[in-house]
Number of protein chains: 2
Amino acid sequence: MSDKKKQIIDAATKSFSLFGYKATTMDQVAKMAKVGKGTIYTFFKSKEELLEDIVSSVISEIKREADAAIDHRLPFNENVQRALQRIFTFRKEHELTIKLLQEVRDIGTPAVRDVMKRLDREMIAYIREKIEEAMAKGEVRSCDSELMAFLMFKMYIALNIDWGKEHEPLSQQKIAELFDLYLLKGLSP
Amino acid sequence: MSDKKKQIIDAATKSFSLFGYKATTMDQVAKMAKVGKGTIYTFFKSKEELLEDIVSSVISEIKREADAAIDHRLPFNENVQRALQRIFTFRKEHELTIKLLQEVRDIGTPAVRDVMKRLDREMIAYIREKIEEAMAKGEVRSCDSELMAFLMFKMYIALNIDWGKEHEPLSQQKIAELFDLYLLKGLSP
DNA sequence: AAAATGACTAAATGGACAAATTGGTCAACG
DNA sequence: CGTTGACCAATTTGTCCATTTAGTCATTTT
């Protein structure tokens with residue numbers, strides 16, 4: 001990748017993280033990246049595509065991190081939980097995802113909504129892969145992997161994020177227990 | 001309840017259902033109810049309280065309907081599903097709840113957000129009661145009933161509402177199966 | 001020639017101000 | 001005493017106009 005493209009991506013990432021997508025101007029990105037504004041448009045056809053590219057990188061990074069959390073000697077239920085935990089820890093701790101999610105909640109910028117929806121879909125697709133691998137190995141019984149991944153994702157959000165809004169947040173340990181008891185029990189072969 | 005109060009409640013319910021909370025004016029309600037505007041304020045201290053009272057009635061109505069769906073000769077898992085099904089069918093089919101939920105999504109009117117949050121909390125409390133009754137009878141193993149009710153509620157939303165946004169909606173039968181397999185299995189004594 | 005640039009444009013946004021609307025009150029009424 | 005609608009303060013809406021912004025492209029730089 002060219003030097004200038006990297007500078008642009010770095011600058012935009014920093015600005016999106018700091019001010020959000022809407023409040024970031026292309027002039028600002030150009031200045032921070034120390035390039036002319038026109039240069040940005042030789043690499044990206046619009047502001048929206050710039051965001052999409054950056055979020056694609058984030059998605060790859062999250063998948064890499066989730067993969068790193070997986071230990072193939074451990075059973076499926078343990079691994080899927082480790083992966084989910086990493087995914088949501090990332091979302092909660094990385095400035096860019098924090099800022100973008102906040103922007104969706106507070107302003108509802110359509111471009112950001114779309115891109116965060118894609119992030120969700122990709123995370124579900126990732127979990128789905130893991131389920132299918134486990135199914136192939138006979139670690140879990142056969143099931144609709146898309147639906148199962150969707151359910152795991154939603155349940156994790158419920159436990160990890162939603163519950164904490166009106167109650168004392170659950171420990172990772174407690175979440176793991178519940179996950180095991182209620183969701184994974186039904187999956188055992 | 002006085003005649004005039006009923007007229008006011010009926011008019012407001014109709015107007016909220018038709019135009020939403022924000023787009024309903026107190027003058028309009030007064031006119032529809034064929035009373036002076038001041039009369040409204042002898043029964044309700046504000047527009048918000050009028051909404052709250054109406055939603056309280058809706059909550060009671062939903063609970064009554066859910067209760068009617070329960071058959072004490074059937075096992076817990078069957079009954080809890082029947083109740084949940086009724087609850088969400090109500091939300092999807094009644095003009096008032098449809099309009100108010102739409103208003104929260106599209107405009108985010110704070111008063112409506114608050115009142116719909118309360119509706120959710122009350123539904124969870126209702127499910128919680130059913131769980132505790134079942135626990136007392138030994139139909140399900142002992143557990144944190146609040147947490148369990150919360151999980152059931154969230155899972156039902158995921159299956160009944162969220163899944164359908166990006167996939168072919170699930171049949172009630174399929175939802176029941178999944179519910180049984182994944183959530184209720186972990187609850188069996 | 002290819003890559004980079006920033007002045008430029010059309011469109012969107014925001015601010016300031018007036019006009020209209022609305023939730024809530026209360027003196028008067030029957 | 002229950003009811004009312006004219007009235008008020010406050011918010012919302014409509015309307016300018018100035019500013020800002022995403023995106024383009026003729027020109028410059030390499």
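Convention: sequence-line order gives letters A, B, ...; per-chain numbering from 1. All values below come from the heavy atoms of this structure, side chains included, with hydrogens, waters and symmetry mates left out.
The 12-atom threshold is exceeded at CD of B:Gln102, counting heavy atoms of other residues, nucleotides or ligands nearer than 6.0 Å. Enclosure of atom CD in A:Glu177 by more than 12 non-hydrogen atoms of other residues, nucleotides or ligands within 6.0 angstrom is indicated. Within a 6.0 Å radius of NZ in B:Lys5, other residues, nucleotides and ligands contribute more than 12 heavy atoms.
When the C1' atom of D:dT21 is taken as reference, atom CG of A:Leu50 falls 15 Å away, rounded to whole Å. Atom NZ in A:Lys4 sits roughly 18 Å away from atom P in C:dA2 (whole-Å rounding). Per the geometry, CZ belonging to A:Phe19 stands 16 Å off C1' belonging to D:dT20, to the nearest Å. If you measure from atom NZ of A:Lys5 to atom C1' of C:dA3, you get 15 Å, rounded to the nearest angstrom. Between the CZ atom of B:Phe43 and the P atom of D:dC1 there is a distance of 15 Å, rounded to whole Å. Per the geometry, CD belonging to B:Gln7 stands 14 Å off C1' belonging to D:dT4, to the nearest Å. Atoms NZ (A:Lys31) and P (C:dA4) sit 20 Å apart, rounded to a whole Å. In this structure, the CG atom of B:Asp3 is 15 Å from the P atom of D:dG2, given to the nearest Å.
Minimum atom distance to the side chain of A:Lys47 is reached by D:dA22, of the listed C:dG23, D:dA22, C:dT5. Closest to the side chain of A:Ser46, from the set C:dG23, D:dT3, D:dG23, is D:dG23.
Put simply, the side chain of B:Ser60 reaches to within 4.5 Å of the side chain of B:Arg64, judged on heavy atoms.
For residues 124-155 of chain A, the ring pair (Phe, Tyr, Trp, His ring centres under 6.0 Å) pairs, not counting sequence neighbours, are A:Phe88-A:Phe153, A:Phe150-B:Trp163.
With sequence neighbours excluded, the residues that form a side chain to side chain contact (heavy atoms under 4.5 Å, CB included) with A:Ala149 are A:Ile124, A:Ile127, A:Arg128, A:Ile131.
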Per-pair distances, 0.1 Å, donor-acceptor, side chain in residues 106-116 of chain B, under 3.5 Å, sequence neighbours excluded:
{"from": "B:Thr109", "atom 1": "OG1", "to": "B:Glu103", "atom 2": "OE2", "distance (Å)": "2.7"}

Exercise answer: donor-acceptor pairs, residues 155-162 of chain A side-chain atoms, under 3.5 Å, sequence neighbours excluded:
{"from": "A:Tyr156", "atom 1": "OH", "to": "A:Gln172", "atom 2": "OE1", "distance (Å)": "3.3"}
{"from": "A:Asn160", "atom 1": "OD1", "to": "A:Lys92", "atom 2": "NZ", "distance (Å)": "2.6"}
{"from": "A:Asp162", "atom 1": "OD2", "to": "B:Lys154", "atom 2": "NZ", "distance (Å)": "3.3"}

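Contacts between residues 20-30 of chain B and DNA chain C, defined by a heavy-atom separation below 4.0 Å, involve B:Thr24, B:Thr25, B:Met26, listed by number.
For the atom pair CD of B:Gln173 and OG of B:Ser171, the computed distance is 5.5 Å after rounding to the nearest 0.5 Å.
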*Encode nucleotides 25-30 of chain C as B, S and - characters from 5' to 3', where the letter depends on protein heavy atoms closer than 4.0 Å: B to the base, S only to sugar-phosphate, - to neither.*
BB----

